[in-house]
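These notes are about the structure you will find just below.
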Amino acid sequence: MSKGQETRQEIVQKAAALFNRKGYEGTALSDLMEATGLQKGGIYRHFDSKEELAGEAFDYAWQTAMKVRQAGVEECANSLDQLKQMVRNFVERREGLIPGGCPLLNTAIDSDDGNAMLRAKARKAMKQWLDRIRTFAEQGIERSEIKSSVDPEKLATLIVGTLEGSLMIGRLNHTEEPLRTAQQHLDSYLEQLRQAGS
């Protein structure tokens, strides 16, 4: 990696926390300059615009979040346990995440009526996450680990909606309790989907 590529990556990493906490509109160039230790020209030598930087910062934050959410999933014995591990990771694993909460939730809300590029990135990330969960459910049905009556698409929506919704409630009220409640509910619900004998 060249010095320029290293500097660019360092800018993205430092900007990710700012955009994740303050949003696109709330992050001023002066914030970026302070976080990176660079002047305006130093930042824009590596990025054509604030929007380009925000897009790469989101990609970095999302990839980081997905890596944390996937930790240990592949080692699980079956599909239901993989889904439960993803839920557990979302609720319990914070180390290694970009400060400010879930980048998907933050960017989706921040870009809802604003930045079309960031909204498109958030939609793509949501699809990626839903597809990942749906795939685990489909594999579980194929391997007779999950009841065949389960709709994988609806299950993915239920899991993501429950986790993201409980995260939002918890952040508003400064408590982890909604996330813990969501985890308990999802664990119990997923057990009900287990195919007998698996």
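Count residues from 1 along the sequence.
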Closest heavy-atom pair and its distance - [X], [Y]:
X: A57; Y: V12; result: CA-CG1, 3.9 Å
X: G101; Y: N20; result: O-ND2, 2.9 Å
X: I141; Y: S148; result: CG2-CA, 4.0 Å
X: N115; Y: S111; result: O-CB, 3.5 Å
X: T36; Y: K14; result: CA-CD, 4.0 Å
X: E145; Y: S79; result: OE1-N, 2.8 Å

Check side-chain hydrogen bond (donor to acceptor under 3.5 Å, both in side chains) between [X] and all other residues, then give those that pass, not counting sequence neighbours.
X: Q9; value: none
X: K50; value: none
X: Q184; value: none

Is the closest side-chain heavy-atom distance between [X] and [Y] below 4.5 Å?
X: Q39; Y: Y44; result: no
X: P103; Y: F58; result: yes
X: M86; Y: N89; result: no
X: Q183; Y: D187; result: yes
X: M33; Y: L38; result: no
X: R194; Y: N78; result: yes
X: Q192; Y: S188; result: yes

Would you give the length of the straight line joining atom [atom1] of [X] to atom [atom2] of [Y], rounded to the nearest 0.5 angstrom?
X: I11; Y: E6; atom1: CD1; atom2: CD; result: 12.0 Å
X: Q139; Y: T135; atom1: CD; atom2: OG1; result: 6.5 Å
X: F19; Y: I98; atom1: CZ; atom2: CD1; result: 13.0 Å
X: M168; Y: L172; atom1: CE; atom2: CG; result: 6.0 Å
X: W62; Y: T107; atom1: CH2; atom2: OG1; result: 10.0 Å
X: L83; Y: L155; atom1: CG; atom2: CG; result: 6.0 Å

Out of curiosity, does [Y] fall in the hydrophobic cluster containing [X] (side-chain heavy atoms, cut-off under 4.5 Å, transitive links)?
X: F90; Y: L97; answer: no
X: M117; Y: Y24; answer: yes
X: I133; Y: M126; answer: yes
X: F136; Y: V160; answer: yes
X: I109; Y: L163; answer: yes

For this session: Carefully, step by step, assess S144 and Q195 under the rule side-chain hydrogen bond (donor to acceptor under 3.5 Å, both in side chains).
Result: CA-CA 6 Å; S144 299; Q195 181 70 38; over 6 Å; no

Exercise. Cut-off 3.5 Å, side chains only: do Q5 and R8 have a donor facing an acceptor?
Worked result: no

Problem set entry | Pair R171-N106, side-chain donor/acceptor within less than 3.5 Å | yes

Exercise. What residues, two or more places apart in sequence or in another chain, satisfy side-chain contact (heavy atoms from CB on, under 4.5 Å) together with S149?
Worked result: K147

For this session: Give a yes or no on this: more than 12 heavy atoms of other residues, nucleotides or ligands lie within 6.0 Å of atom CZ of R45.
Result: no

Exercise. When you look at CD of E191, are more than 12 heavy atoms from neighbouring residues, nucleotides or ligands closer to it than 6.0 Å?
Worked result: yes

Problem set entry | Trace of the side-chain contact (heavy atoms from CB on, under 4.5 Å) decision for D81 with L190 | CA-CA 9 Å; D81 291 335; L190 288 169; over 6 Å; no

For this session: Report the C-alpha separation of K3 and E10 in whole Å, then their side-chain angles, then the decisive distance to 0.1 Å, and conclude whether the salt bridge (charged side-chain N to carboxylate O under 4.0 Å, His left out) test is met.
Result: CA-CA 10 Å; K3 177 72 171 144; E10 189 175 314; over 6 Å; no

Problem set entry | Carboxylate-amine/guanidinium contact R21 D31, below 4.0 Å | no

Exercise. Should the pair E56-K121 be classified as a salt bridge under the 4.0 Å nitrogen-to-oxygen rule?
Worked result: no

Exercise. What do the steps show when you test K124 against D131 for salt bridge (charged side-chain N to carboxylate O under 4.0 Å, His left out), and what is the final call?
Worked result: CA-CA 10 Å; K124 181 179 177 184; D131 286 350; over 6 Å; no

Using residues 67-75 as the side-chain source, report each donor-acceptor pair under 3.5 Å to any protein atom, sequence neighbours left out, with the distance given to one decimal.
{"residue": "Q70", "atom": "OE1", "partner": "R132", "partner atom": "NE", "Å": "3.0"}
{"residue": "Q70", "atom": "OE1", "partner": "R132", "partner atom": "NH2", "Å": "2.9"}
{"residue": "E74", "atom": "OE2", "partner": "R132", "partner atom": "NH2", "Å": "2.6"}

Exercise. Which residues pass the salt bridge (Lys or Arg N to Asp or Glu O under 4.0 Å) test with E153, sequence neighbours left out?
Worked result: R134

